[in-house]
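For reference, the structure discussed in these notes is given below.
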There are 2 protein chains.
Amino acid sequence: MSQWMSPDERQPTQVAQIRQSLQEQIRAGLLRPGMRLPSERALSERFATTRITLKEALAVLETEGQIYREERRGWFVAPPRLIYDPRTKSHFQAMVESQGRAATTRVLQAGPVVANAELCQRMGLAPLSPLLKICRVRSLDSRDVLYVEHYLLPERFPGLLEMDLTCSLTRLYAERYGIGYGQSTFDILPTAAHGAVARALGLPQGAPLLQICRLNLDGQGRLIDCDMEYWRQDAVVIRIQSDPLP
Amino acid sequence: MSQWMSPDERQPTQVAQIRQSLQEQIRAGLLRPGMRLPSERALSERFATTRITLKEALAVLETEGQIYREERRGWFVAPPRLIYDPRTKSHFQAMVESQGRAATTRVLQAGPVVANAELCQRMGLAPLSPLLKICRVRSLDSRDVLYVEHYLLPERFPGLLEMDLTCSLTRLYAERYGIGYGQSTFDILPTAAHGAVARALGLPQGAPLLQICRLNLDGQGRLIDCDMEYWRQDAVVIRIQSDPLP
DNA sequence: TCGGCTAGTTGGACTAGTCCAGATGGGTGA
DNA sequence: TCACCCATCTGGACTAGTCCAACTAGCCGA
């Protein structure tokens, strides 16, 4: 029988059915953005299946960015994505507010470190170069969605650590040091949450993330800093406009 | 005891240990790009755990793009990523070959369709507008890494379906119709494989993918087409350079 | 030599649980 | 009133299997 059916027509798996069913409820607005889903145990009972199977369906919806997790707290319906054009030099707060949403920033850590191998390579530094590391968590409508590690050249930013680091670094660069962005390079790639990132965003280890590594140069082409951004992947869509023809 | 330990120092989970162990072997070059990993059963025995736990570790490595899956065939070590700048107007083949790798293209389907709701919205079309749909699979060093659906305005491309669609559509546009790209818009977001996409790339349902939706305008700002690209997320890194200051 | 069959292996899908750590909220005592 | 404690609930981590469909490789016969 099944050999004559295209894979489309075959009876969908339980995981697919559960995913479909939850998606429908979300699309119909019965499950609204930010709402908590019933517990995994309650859902698995309602769908007459085991927790493992149910969790697989939730994992698919998670990689699609329709729902998100908070470690040991539960599953929630994802709010609309923030539209993020990495090329605009505007800072996080301005970008968020221009889309009618609220932004806050929290500093987790700020201090000198020694560059690791990956950073030396990306930034073209000598081995064991000193750097300033600033770790921040940024939230969208009171939900933590972005963890950033900034790595700055210490010689260009004397006294920076004493300033208020919760506001835009871009503005500090410009106003206090007269340094503005020129060309930047962005590497975008999906990855999984580990260690510090997972803890900062309240994610379980292995949860999907969108990583953006930006390398910023000033107007003269000299390196300013390197930012490692880790976004909850349901919270953002990268939208880029190519240049119109000259 | 554990209450005084930071989460970093705590004994890592089995999943984390297995992930770590496999990653090390890959980094050391003992498991080389393209090589198949031992079967799930063999690995779960070797790590003295169950298949489910083992699969979870593999899933994390998959979302990190260190390994990839072929449905019912097994797990393989991911080759280096292709560097993809969506803003360069160069076509797939040229981009791949400029990085010293081999590209091929296969046409799965080509014909007229009626635009669905999502396409009407993205392309700004009237409901039920007619479109030409071309589905292609593109491979990198003989591995299928990209599934693309092109949706074109039929009135701009009479007779297109009779041409050789395995080569660059960009070139066909230019050489046969005198149409060149102007500004384009890209939406990049991680998603999960379903239906046609999963089948075309030999992925299991729910596998992580990187979706890029591009909307192409011509030099006069008129719509040319909309491409829905689905990349195996281990196969590519998006690298974008912002414009230098004027 | 080559096509087709077949047995064995692989991943896919799923069941039915256990034990634990962290988050939550209600109640209690200062 | 408010801080703290504790019972309860949640997800996290893991075990030990079963059944099935699809892929594979090797054998066999034309």
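Computed from a predicted structure; not experimentally measured. Letters A, B, ... mirror the listed sequences (proteins, then strands); counts begin at 1.
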Original post:
Do Arg143(B) and Tyr68(B) meet the cation-pi criteria used here (NZ or CZ under 6.0 Å from the six-membered ring centre, within 45° of the axis)?
Top reply: yes

How would you label the contact of [X] with the nucleic acid (heavy atoms, under 4.0 Å): base, sugar-phosphate, or nothing?
X: Thr13(A); value: sugar-phosphate
X: Arg72(A); value: base
X: Gln14(A); value: sugar-phosphate
X: Ser39(A); value: sugar-phosphate

Original post:
Quick one: on DNA chain C, does Leu37(B) or Glu71(A) contact a more 5' nucleotide (nearest heavy atom)?
Top reply: Leu37(B)

Original post:
Of Arg73(A) and Ala16(A), whose nearest nucleotide on DNA chain C comes first from the 5' end?
Top reply: Ala16(A)

Distance in angstrom units between [X] [atom1] and [N] [atom2], rounded:
X: Ile18(B); N: dC14(D); atom1: CD1; atom2: P; result: 8 Å
X: Arg41(A); N: dC19(C); atom1: CZ; atom2: C1'; result: 11 Å
X: Arg51(A); N: dT15(D); atom1: CZ; atom2: P; result: 15 Å
X: Glu70(B); N: dT24(D); atom1: CD; atom2: P; result: 9 Å
X: Gln205(A); N: dG12(D); atom1: CD; atom2: P; result: 12 Å
X: Arg69(B); N: dG11(C); atom1: CZ; atom2: C1'; result: 9 Å
X: Arg36(B); N: dT9(C); atom1: CZ; atom2: C1'; result: 9 Å
X: Glu45(A); N: dA16(C); atom1: CD; atom2: C1'; result: 13 Å

Subject >> Euclidean distance, Ser139(A) OG relative to Arg232(A) CZ, rounded to 0.5 Å >> reply: 11.5 Å

Original post:
The side chain of Thr50(A) lies closest to which of these nucleotides: dT15(C), dC23(D), dC14(D)?
Top reply: dT15(C)

**OP:** Inspect the contact between Arg138(A) and Asp144(A) and indicate whether a charged nitrogen and a carboxylate oxygen are less than 4.0 angstrom apart.
**Re:** no

**OP:** Report yes if a side-chain nitrogen or oxygen of Lys55(A) is closer than 4.0 Å to either non-bridging phosphate oxygen (OP1 or OP2) of dA13(D); otherwise report no.
**Re:** no

Subject >> N or O in side chain of Thr49(A) less than 4.0 angstrom from dT15(C) OP1/OP2 >> reply: yes

Original post:
Quick check, are the ring centers of Trp231(A) and Tyr84(A) under 6.0 angstrom apart?
Top reply: yes

Original post:
Judged by modelled atom types alone, do Arg136(B) and Thr105(B) share a side-chain donor-acceptor pair under 3.5 Å?
Top reply: no

